[in-house]
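Working notes, structure below.
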Amino acid sequence: MRKRRQVWLMLLISVLLIMPYQTVGATGKIPDPQPMGQVSFDGAQMEALPAPGNSTTPGTWFIGATPANADLSKPPIVFVQGLHSRAQSWWEETNYHGVNDMYETAYNKGYRTAFVQLYDAPGGDAATPMDNGRLLAGMLEKIYNHFGQKVNIVAHSKGGPDSQAALVHYGAYRYVNKVVTLGSPHEGSHLADLAYSSWAGWLAALLGKQDPGTYSLQVGEMAKYRAQTDNHANARLNKYYTAAGTSWGPTFSALALGGVYLSQYGENDGLVNVWSTDLPYGTHLFTASDLDHDEIRIGRAVFSKIESVLSTATAAAETEPKASQPSAAVNSTDKQETFVRGGALPISKQHVQQVPVEPGVKEAIFTVRTKAADTQVTLVSPSGKVLKRVLKSKDQAFFRGATVQVIRVAKPEAGNWQVKLLSKQKDAYLLTTHFIGKTTVELDLPALNKQSSAELKIKGLESVDLASLTGKIKVVDPQGQVKEMALNKSKKADAALTGAVSGSQAGVYNITVELSGKTKDGQAYARTLVKSVYIDK
């Protein structure tokens, strides 16, 4: 009997030793993926990490548990996370929608999985697509060698451009079949433009959130990236599939407020416009009206929509979903209806910012971002009515960590509104007021101009008294220096302002246009237009 027990014990130990990543724990939950290896920042291989855990060291890659129903005919899936995120985002809590079950969903469907840590993972500065792409390329080679076959990639948000950089610029296309991108800003995000505008500098400096990764997502910067990538010889060696959402998440969440701002540029998921998720040589799988930027990466929400793509190594028309069309891009002409201000706040001394609101506005949304959570925000109407019903949330994206306070006013009284701010500590603010229901101003500015200057034209001013209108341009150059330029009133009968943005060096120029004056019926009028442009000398 003792010998029989010893034999069974030895067999049990042997099974446990050879199946550390293939078993389900006693609780019935799938074990966390285990770190299998690491690549140093310069691409050199380092020693394997034998101990299990959830390392956030850049270059670490994880292999998920092998499902009991694993289908080896299905390519393994490598999941790539987005801006300021980490591999754990595929199985831990999301920002607004509970636990992400993407890893569990893929496991239950019989897929082998892998997860990667990019430079963003430790929680510090985010990296550019080129830097993350170089790191990812090294990991993809080792994941390919581990499985002995090519993989498919599922990438969320900025993970899309990061993945494409790895495949196109660092030769990792040879390890990958297909790439599915979920809410990826392939053309950038205007929220990144706002984060790098001249008004946002004070707050961004306090938050410490201006980093290369965020900078890279400006519309102008991504235009540069697209010019470098789309015409590359490796650009079409893999099949790309894209997906988008148009929900803005929970009411008054940071996504909802981002959605309001981005609505000037078309449909969006609270962080990225639908037209930005498209690739000219990709297949757009779907645009879901019930998915926001946070939810579009959740397994239960999207896996069934993308599984037919992931189940095979090559495109198969009979099994894959039919392609759809994303919303048309706004291109170079953007309709904007926002007033923006920002700056430092004095300690224990009230700061007052006036916001002109003209007649006919259906709703005005006053949004204030500060570093301190206890900065007081009070809104006073032109007739003296005080509004203190402020809704608070935390920004999770380009102003990550900022406290967001919002006051919405239906049918606002015309005239100068006052936003009063009081902080007991060193702080800064960014105020954006979005007007709904008015004819919008249009900023015509090329996204890419291979000259030394970019011509801009401001239209949609038919209701404005041009004689009273003044305008100026603030430009943040590639070195972060701010300079002002003049706007000229058009001599033509098209009620427009014209100007030019010039620079002595190639790069991205973040442009803020300030308009102030009166409407034709004598009411105060003001608009702020923000956009970035890439100038290639």
Side-chain angles (χ1 to χ4, degrees), residues 190-191 194 197 199-200 203 247-265 268 270 335-343 345 350-370 372-395 399 402-423 427 429-441 460 463-464 514-530:
H190 287 288
L191 283 172
L194 178 64
S197 68
W199 289 120
L203 178 59
S247 174
W248 295 354
T251 304
F252 296 115
S253 65
L255 278 182
L257 300 176
V260 170
Y261 184 84
L262 290 177
S263 65
Q264 304 172 107
Y265 309 96
N268 66 85
K335 297 181 178 181
Q336 304 190 29
E337 47 186 354
T338 303
F339 177 85
V340 181
R341 288 293 184 271
L345 289 176
Q350 191 172 71
H351 175 80
V352 180
Q353 175 61 59
Q354 286 198 128
V355 181
V357 179
E358 70 268 28
V361 173
K362 293 181 180 179
E363 184 177 26
I365 303 175
F366 299 83
T367 304
V368 177
R369 289 175 171 86
T370 59
D374 59 354
T375 297
Q376 296 180 17
V377 177
T378 303
L379 182 63
V380 182
S381 73
S383 61
K385 184 179 179 181
V386 178
L387 292 84
K388 291 185 177 181
R389 190 184 177 190
V390 178
L391 297 172
K392 290 186 178 182
S393 63
K394 280 287 184 181
D395 200 312
F399 294 95
T403 294
V404 187
Q405 302 189 54
V406 187
I407 302 178
R408 303 184 70 154
V409 182
K411 297 181 180 179
E413 180 184 349
N416 286 319
W417 288 70
Q418 291 185 333
V419 178
K420 295 184 177 181
L421 306 169
L422 181 61
S423 178
D427 206 348
Y429 77 101
L430 178 67
L431 164 68
T432 59
T433 305
H434 189 74
F435 307 106
I436 298 175
K438 283 297 294 182
T439 302
T440 54
V441 178
S463 64
V464 180
E514 295 294 347
L515 303 177
S516 61
K518 294 183 177 180
T519 62
K520 289 182 178 178
D521 55 5
Q523 296 292 330
Y525 173 88
R527 287 292 188 276
T528 306
L529 302 89
V530 178

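Only a predicted model underlies this, so the values are computations on that prediction, with no experimental measurement involved. Both backbone and side-chain heavy atoms feed into the values below; hydrogens, waters and symmetry mates do not.
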Original post:
Would the number of heavy atoms belonging to other residues, nucleotides or ligands and lying under 6.0 Å from NZ of K392 be above 12?
Top reply: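 Enclosed.
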Original post:
More than 12 foreign heavy atoms under 6.0 Å from NZ of K394: is that the case here?
Top reply: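 Atom NZ in K394 is packed in, count exceeds 12.
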**OP:** Determine, for R341 against E514, whether the closest basic-nitrogen to carboxylate-oxygen distance falls under 4.0 angstrom.
**Re:**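 Yes, charged N to carboxylate O under 4.0 Å.
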Drop me the distance from [X]'s [atom1] to [Y]'s [atom2], to the nearest 0.5 angstrom.
X: L515; Y: T528; atom1: CG; atom2: OG1; answer: 7.5 Å
X: D427; Y: L421; atom1: CG; atom2: CG; answer: 9.0 Å
X: I436; Y: K411; atom1: CD1; atom2: NZ; answer: 14.0 Å
X: Q405; Y: S393; atom1: CD; atom2: OG; answer: 9.0 Å
X: F399; Y: L191; atom1: CZ; atom2: CG; answer: 8.0 Å
X: Q523; Y: E358; atom1: CD; atom2: CD; answer: 9.0 Å

Expected output: side-chain [X] to main-chain [Y] donor-acceptor under 3.5 Å:
X: Q264; Y: H434; answer: no
X: W248; Y: N268; answer: yes
X: E413; Y: S383; answer: yes
X: E363; Y: G437; answer: no

Do you know which two heavy atoms are closest between [X] and [Y], and how far apart they sit?
X: V355; Y: F435; result: CG1-CZ, 4.3 Å
X: P412; Y: V361; result: CD-O, 3.2 Å
X: S197; Y: V530; result: CB-CG1, 3.8 Å
X: F366; Y: T433; result: CD2-OG1, 3.5 Å

Using a 4.5 Å cut-off on heavy atoms from C-beta on, say whether the side chain of [Y] contacts that of [X].
X: P382; Y: W417; result: yes
X: L422; Y: K420; result: no
X: L431; Y: V368; result: yes
X: L257; Y: T432; result: no
X: P359; Y: D521; result: yes

**OP:** Could you label the plane-to-plane angle of the Y429 and H351 rings as parallel, tilted or perpendicular, counting under 30° as parallel and over 60° as perpendicular?
**Re:**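 Geometry flag for H351 against Y429: tilted rings.
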Original post:
Can you check side-chain contact (heavy atoms from CB on, under 4.5 Å) on T403 and T375, steps first, answer last?
Top reply: CA-CA 9 Å; T403 294; T375 297; over 6 Å; no
Subject >> Test side-chain contact (heavy atoms from CB on, under 4.5 Å) applied to V406 and T367, step by step >> reply: CA-CA 5 Å; V406 187; T367 304; 4.2 Å; yes
